[in-house]
Novice: 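For reference, the structure I am asking about is given below.
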Amino acid sequence: MISNETPRGPVDSSRVPRYAGPATFARLPRLDEVGRADVAVVGVPFDSGVSYRPGARFGGNAIREASRLLRPYNPAQDASPFALAQVADGGDIAVNPFNINEAVDTIEAAADDLLGTGARLMTLGGDHTIALPLLRSVAKKHGPVALLHFDAHLDTWDTYFGAEYTHGTPFRRAVEEGILDTSALSHVGTRGPLYGKQDLTDDEKMGFGIVTSADVYRRGADEVADQLRQRIGDRPLYISIDIDCLDPAHAPGTGTPEAGGMTSRELLEILRGLASCNLVSADVVEVAPAYDHAEITSVAASHTAYELTTIMSRQIAAARKEDEGK
Ligand SMILES: N=C(N)NCCCC(=O)O
Ligand SMILES: [Zn+2]
Ligand SMILES: [Zn+2]
C-alpha cells in the first residue's frame with residue numbers, strides 16, 4: 001500500500017530549537033499523529049538476551065536523543081528521505097524483560113501488525129536477540145530474505161547456558177527455521193576471538209560469507225559494497241546492524257566490544273553503496289548508552305538509521321512513481 005499524501009516531515013529546527021521537546025527519531029511525527037507510515041521507526045527496549053554487559057534496553061531512546069541533529073536532506077544519497085515517503089516514529093514495543101520467549105513472540109506480533117499496514121520497519125534495539133522475531137515477521141511477508149549482518153560477532157552460535165534465544169544465536173535459529181535465503185547471507189565487520197575454529201566452519205555451512213573488519217580496511221568500502229550488491233541481487237534484503245561492528249573508538253557504548261573494528265565512515269559508505277538493493281526492513285541494535293561518552297555511539301547509530309531510512313524512502317518513492325506511470 002503506497003499512499004499519495006504529502007508526507008509530514010520533522011519539526012522545523014529553525015523555528016523550534018532542536019533540543020526542545022520529547023525526542024522522536026529525527027524529530028519526525030509519531031505514528032499515531034499521521035495514521036500510517038511508509039517507514040515506521042520502532043524501538044525495542046529489550047536486553048535480557050545479553051551474555052555480558054546489559055543496558056541495550058536504553059538504546060532506542062539514546063538513538064532518538066542523538067538523532068535531534070539529523071537534517072532533512074541527505075547529500076550522500078541526494079535525497080530528502082522524509083519528503084519522499086512518510087517516515088514516522090512508532091514508539092516502543094512493550095516487551096517482557098523477565099520472559100525471553102514471551103518477549104520474542106511479542107516482538108514478532110508487533111512487527112506483523114506494522115508490516116501488515118504496508119510499512120517497512122526501521123527498528124532500534126535492544127540487543128541482537130530481537131533480530132530473530134523481526135526476521136520471522138519479514139519472512140512471513142516476503143519469503144526467505146537475503147541478510148546483510150554488520151557485527152563484530154557471528155551471532156550464529158548455538159546456545160548459551162542451554163538458552164536458544166540470546167543475542168549470540170539469532171542467525172543460527174533463523175537459518176534453522178528456513179527464513180533466510182541461504183544463497184545471500186553475509187557478515188560484515190567480524191573480528192576478535194572465537195570459541196574455536198568450528199564456529200567458522202559451522203557458520204560457513206549455514207551459508208554465510210564473511211567480510212572481516214580487516215577486509216573492509218584493506219579493500220575499501222566501495223569494493224566491499226560492490227561485492228555485496230552482486231551477492232544480494234534483487235532479492236528482498238534485511239540489514240541487521242550491531243553497532244559493535246564499529247571499533248570501540250567509534251562505538252564505546254555497547255555490551256560486547258571488540259578491538260579493531262570498522263570506522264563509522266566505512267559503515268556509512270558501505271550502506272550508501274547498497275542504495276539500489278531492495279531493502280525491506282532493517283535494525284540497529286546493541287547500543288548500550290551507559291558505556292557511551294558524549295553520545296559517540298548513539299550519534300553513529302542515528303546516522304546509520306538515517307542512511308537506512310533514506311534507502312527505504314527512495315525505493316518507496318521510486319515504486320510510487322512507477323505505479324503512477326502505469
Ligand atoms: N551480539 C552481540 N553483540 N554479541 C554476541 C556475543 C556473544 C558472546 O558473548 O559470545
Ligand atoms: Zn556483536
Ligand atoms: Zn550481534
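Quick caveat, the model's predicted, so the values are computed rather than measured. All ligand and atom numbering here is 1-based and tracks the order in the structure.
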Novice: Which single N/O/S atom of D155 lies at minimum distance from the Zn ion (ligand 3)?
Specialist: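 This turns out to be OD2.
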
Novice: In the protein, which heavy atom is nearest to atom 5 (C) of ligand 1, and how far is it?
Specialist: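 Protein heavy atom with the smallest distance to atom 5 (C) of ligand 1: D155 OD1, 3.4 Å.
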
Novice: Quick check with a 6.0 Å cut-off and a 45 degree axis cone: is R53 positioned over the face of Y291's six-membered ring?
Specialist: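 Yes; both conditions hold, so R53 lies above the ring face of Y291.
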
Novice: Could you pull out, from V50, T256, T169, the option with a heavy atom nearest to atom 4 (N) of ligand 1?
Specialist: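 Closest candidate by heavy-atom distance is T256.
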
Novice: Give the residue, atom name and distance (to 0.1 Å) of the protein heavy atom nearest atom 9 (O) of ligand 1.
Specialist: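 Checked against all protein heavy atoms, atom 9 (O) of ligand 1 sits closest to S51 OG, 2.5 Å.
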
Novice: Quick one: does ligand 1 sit under 4.0 Å from the side chain of Y160, the backbone, both or neither, non-hydrogen atoms only?
Specialist: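 Answer for Y160: side chain.
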
Novice: Assess the residue pair V285 and T123 against the criterion (side-chain contact (heavy atoms from CB on, under 4.5 Å)); give the C-alpha distance rounded to whole Å, side-chain angles, the decisive distance to 0.1 Å, and a yes or no.
Specialist: CA-CA 8 Å; V285 298; T123 311; over 6 Å; no

Novice: Could you label the plane-to-plane angle of the W157 and Y195 rings as parallel, tilted or perpendicular, counting under 30° as parallel and over 60° as perpendicular?
Specialist: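 Perpendicular.
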
Novice: Are any of the side-chain nitrogens in K140 or E108 under 4.0 Å away from the carboxylate oxygens of its partner?
Specialist: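 Yes.
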
Novice: Check whether any N, O or S atom of D244 sits under 2.8 Å from the Zn ion (ligand 2).
Specialist: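 Coordinating: yes.
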
Novice: Among all protein heavy atoms, pick the one closest to atom 10 (O) of ligand 1 and tell me residue, atom and distance.
Specialist: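 Minimum-distance protein heavy atom for atom 10 (O) of ligand 1 reads Y195 OH, 2.4 Å.
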
Novice: With rounding to 10 degrees, what does the angle D242:OD2 / the Zn ion (ligand 3) / D151:OD2 come to?
Specialist: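 It comes to 90°.
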
Novice: State plainly whether the residues R173 and D158 are in salt-bridge range, i.e. N to O under 4.0 Å.
Specialist: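 So R173 pairs with D158 through a salt bridge.
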
Novice: List the atom of Y165, the atom of R136, and the distance in Å for their closest heavy-atom pair.
Specialist: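 Shortest heavy-atom contact: OH-NH2, 2.9 Å.
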
Novice: Determine whether Y306 and F82 satisfy the following criterion, side-chain contact (heavy atoms from CB on, under 4.5 Å), listing intermediate values before the conclusion.
Specialist: CA-CA 10 Å; Y306 181 66; F82 311 135; 3.8 Å; yes

Novice: Any chance you could lay out the side-chain contact (heavy atoms from CB on, under 4.5 Å) test for F208 and T182, step after step, and finish with the verdict?
Specialist: CA-CA 7 Å; F208 281 92; T182 52; over 6 Å; no

Novice: Output yes when D89 and R30 qualify as a salt bridge under the 4.0 Å nitrogen-oxygen rule, no when they do not.
Specialist: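 Not counted as a salt bridge, because no side-chain N and carboxylate O are separated by less than 4.0 Å.
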
Novice: Does H167 approach ligand 1 within less than 4.0 angstrom via side chain, backbone, both or neither, non-hydrogen atoms only?
Specialist: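 It is both parts that get close, each with some atom under 4.0 Å.
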
Novice: Under 4.0 Å from any heavy atom of D244, which atoms of ligand 1 are there?
Specialist: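 So the atoms of ligand 1 that pass are 2 (C), 3 (N).
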
Novice: Is it true that D226 and R229 make a salt bridge, defined as a side-chain N closer than 4.0 Å to a carboxylate O?
Specialist: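 A salt bridge is present here (some side-chain N lies under 4.0 Å from a carboxylate O).
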
Novice: Show the atoms of ligand 1 that are less than 4.0 angstrom away from any heavy atom in D242.
Specialist: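 Numbered from 1, ligand 1 contributes 1 (N), 2 (C), 3 (N).
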
Novice: Please confirm if an N, O or S atom belonging to H153, backbone or side chain, lies less than 2.8 Å from the Zn ion (ligand 2).
Specialist: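 H153 does place an N, O or S atom closer than 2.8 Å to the Zn ion (ligand 2).
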
Novice: With heavy-atom distances below 4.0 Å as the criterion, list the atoms of ligand 1 near E286.
Specialist: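 Atoms satisfying the 4.0 Å criterion: 1 (N), 2 (C), 3 (N).
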
Novice: Which one holds for T254 and ligand 1: side chain close, backbone close, both close, or neither close, with close meaning a heavy atom under 4.0 Å?
Specialist: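 For T254, no heavy atom sits under 4.0 Å from ligand 1.
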
Novice: In H128, what N, O or S atom is nearest to the Zn ion (ligand 3), if we give its atom name?
Specialist: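 That would be atom ND1.
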
